[in-house]
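Below is one structure; the comments refer to it alone.
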Amino acid sequence: MGVIAWLVLGLLAGAIAKAVLPGRDPGGLTGTTLIGIAGAFLGGWLSATFLDRPVEREFFDAATWGSAIAGALVLLIGYRILFGNSRD
């Protein structure tokens with residue numbers, strides 16, 4: 001899977017993570033988008049490194065999507081912990 005596919009996957013994973021964790025983030029839409037992209041890369045790396053499940057070349061692979069969304073959720077939660085949550 002190429003870099004463009006990872007970027008698209010990251011954008012969609014960020015949107016899904018945002019839907020799972022609603023609320024206003026300190027970074028707004030741009031911050032959430034960047035977190036989604038970074039989360040997709042992080043999730044893919046963690047999956048390949050620690051779970052011995054390398055990311056497939058298929059864009060529509062369920063494990064790829066799961067790892068990208070999980071990575072985006074982890075980064076979004078960490079971002080909210082570090083920089084505040086505006087739900088207060």
Side-chain angles (χ1 to χ4, degrees):
M1 201 162 55
V3 174
I4 300 297
W6 273 107
L7 292 175
V8 171
L9 178 65
L11 289 171
L12 295 173
I16 292 169
K18 180 69 173 167
V20 170
L21 294 172
R24 294 182 54 196
D25 293 317
L29 180 64
T30 304
T32 304
T33 301
L34 293 175
I35 287 172
I37 293 169
F41 283 106
L42 175 69
W45 178 77
L46 288 173
S47 175
T49 303
F50 295 112
L51 300 177
D52 197 29
R53 172 81 165 102
V55 177
E56 298 293 325
R57 299 244 181 236
E58 302 284 328
F59 183 76
F60 295 106
D61 183 39
T64 301
W65 279 89
S67 64
I69 293 169
L73 282 170
V74 166
L75 287 182
L76 186 58
I77 290 169
Y79 183 72
R80 285 184 179 180
I81 289 171
L82 290 175
F83 297 106
N85 185 355
S86 45
R87 285 187 181 182
D88 299 338

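Numbering starts at 1 and runs along the sequence shown.
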**Q.** Residues that Ile37 engages under side-chain contact (heavy atoms from CB on, under 4.5 Å), provided they are two or more places apart
**A.**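 Ile37 satisfies side-chain contact (heavy atoms from CB on, under 4.5 Å) with Leu7, Leu11, Thr33, Phe41 once adjacent residues are dropped.
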Q: List for me each residue that meets side-chain contact (heavy atoms from CB on, under 4.5 Å) alongside Ile77, sequence neighbours excluded, and say none if there are none.
A: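 For Ile77, the residues satisfying side-chain contact (heavy atoms from CB on, under 4.5 Å) (neighbours in sequence not counted) are Leu21, Ile81.
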Would you compute the distance between atom [atom1] of [X] and atom [atom2] of [Y] and round it to the nearest 0.5 angstrom?
{"X": "Leu75", "Y": "Arg80", "atom1": "CG", "atom2": "CZ", "value": "12.5 Å"}
{"X": "Ile16", "Y": "Ile69", "atom1": "CD1", "atom2": "CD1", "value": "4.0 Å"}
{"X": "Trp65", "Y": "Leu12", "atom1": "CH2", "atom2": "CG", "value": "4.5 Å"}

Q) Closest approach of Leu42 and Gly71, non-hydrogen atoms and distance? A)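 What the structure gives for the nearest pair is CD2-O, 4.4 Å.
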(Q) Show the nearest heavy-atom pair for residues Ala17 and Ala72, with the distance to one decimal. (A)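 In terms of heavy atoms, the two residues are closest at CB-CB, 3.9 Å.
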Q. Would you say Val20 and Leu34 are hydrophobically clustered, going by side-chain heavy atoms of ILVMFWY under 4.5 Å?
A.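 No.
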Q: Treating Ile, Leu, Val, Met, Phe, Trp and Tyr as nodes and any side-chain heavy-atom pair under 4.5 angstrom as an edge, say whether Val74 and Leu76 lie in one connected cluster.
A: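 They do not share one cluster, since no chain of ILVMFWY contacts under 4.5 Å joins Val74 to Leu76.
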